[in-house]
Amino acid sequence: MPKLDKEDFTGAVYEIVRMIPYGRATSYGAIAKAISHPNMSRMVGRVMGQCDSAKSGIPAHRVVNSSGVLSAKEAFGNSGEMQRLLEAEGITVVNDRIKNWKAVFWNPVKEINL
DNA sequence: TAGGTGACATTGA
DNA sequence: ATCAATGCCACCT
């Protein structure tokens with residue numbers, strides 16, 4: 001398995017997030033697993049927080065926690081910006097939670113190994 | 001250099 | 001639904 005430096009880890013996370021299809025979303029843990037680091041969900045979150053989603057072209061709004069809750073919305077400059085972006089893609093969000101999360105969830109591991 | 005604290009989490013009770 | 005325990009890394013003192 002590939003040994004990832006912190007920069008490589010960051011880059012890997014970026015790639016995964018960019019792969020997320022329109023109208024879908026995934027979780028931090030899923031991304032961590034996708035790069036062979038099942039316990040680094042929080043690091044993924046940290047990377048997302050540091051990355052400038054708008055500038056990097058990374059749809060960070062498609063990344064939520066395992067329950068489909070928008071934990072990161074405040075990182076978008078707050079005020080439901082994240083929710084708005086998701087709804088713009090056809091994802092329904094209620095009380096900071098993605099509706100029908102099970103169906104919206106996108107599994108990166110499947111796509112990568114494929 | 002070493003140690004302590006925090007983080008966009010996850011899981012189980 | 002809410003609370004507590006766990007674990008890994010990055011950053012600051």
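Chain identifiers are assigned alphabetically (A, B, ...) following the order of the sequence lines, protein sequences preceding nucleic acid strands; residue numbering begins at 1 within each chain. Hydrogens, waters and symmetry mates are skipped; everything else that's a heavy atom, side chains included, is used.
- If you check residues 41-49 of chain A against DNA chain C, the residues with a heavy atom closer than 4.0 Å are A:Arg42, A:Met43, A:Arg46, listed by number.
- Judged as a side-chain contact (heavy atoms from CB on, under 4.5 Å), and not counting sequence neighbours, the contacts of A:Ala60 are A:Met48, A:Ser53, A:Phe76.
- Judged by distance alone, the side chains of A:Asn65 and A:Ser71 do bring a donor and an acceptor atom under 3.5 Å apart.
- Shown for residues 62-71 of chain A: residues whose heavy atoms fall under 4.0 angstrom of DNA chain B, namely A:Asn65, A:Ser66, A:Ser71.
- Within residues 15-25 of chain A, no residue has a heavy atom under 4.0 Å from DNA chain B.
- Every side-chain contact (heavy atoms from CB on, under 4.5 Å) that A:Thr10 has, sequence neighbours left out, goes to A:Tyr14, A:Val47.
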Under 3.5 Å, which protein N or O atoms sit close to an N or O of nucleotides 2-5 of chain B? Give each pair with its distance.
none

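- Screening residues 92-105 of chain A for salt bridge (charged side-chain N to carboxylate O under 4.0 Å, His left out) gives A:Lys73-A:Asp96 as the qualifying pairs, with residues at least two apart or on separate chains.
- Residues forming a salt bridge (charged side-chain N to carboxylate O under 4.0 Å, His left out) with A:Arg18 (at least two apart in sequence, or on another chain): none.
- Not counting sequence neighbours, the partners of A:Pro21 by the side-chain contact (heavy atoms from CB on, under 4.5 Å) test are A:Arg24, A:Trp106.
- One distance of note links CD of A:Glu15 with CD1 of A:Ile35; it measures 10.0 Å at 0.5 Å rounding.
- Take A:Met43 and apply the side-chain contact (heavy atoms from CB on, under 4.5 Å) test, not counting sequence neighbours, and it matches A:Phe9, A:Met40.
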Taking only distance into account, with no hydrogens and no angle test, what donor-acceptor pairs under 3.5 Å do side-chain atoms of residues 85-95 of chain A form with protein atoms, sequence neighbours excluded?
{"unit_1": "A:Glu87", "atom_1": "OE2", "unit_2": "A:Gln83", "atom_2": "NE2", "d": "3.3"}
{"unit_1": "A:Glu89", "atom_1": "OE1", "unit_2": "A:Gly23", "atom_2": "N", "d": "3.2"}
{"unit_1": "A:Glu89", "atom_1": "OE1", "unit_2": "A:Arg62", "atom_2": "NE", "d": "2.8"}
{"unit_1": "A:Glu89", "atom_1": "OE1", "unit_2": "A:Arg62", "atom_2": "NH2", "d": "3.3"}
{"unit_1": "A:Glu89", "atom_1": "OE2", "unit_2": "A:His61", "atom_2": "NE2", "d": "3.0"}
{"unit_1": "A:Glu89", "atom_1": "OE2", "unit_2": "A:Arg62", "atom_2": "NE", "d": "3.2"}
{"unit_1": "A:Glu89", "atom_1": "OE2", "unit_2": "A:Arg62", "atom_2": "NH2", "d": "2.9"}

Pairs under 3.5 Å (Watson-Crick or G-U), crossing ones as [ ], inter-strand ones as |: DNA chain B comes out as .|||||..|||||

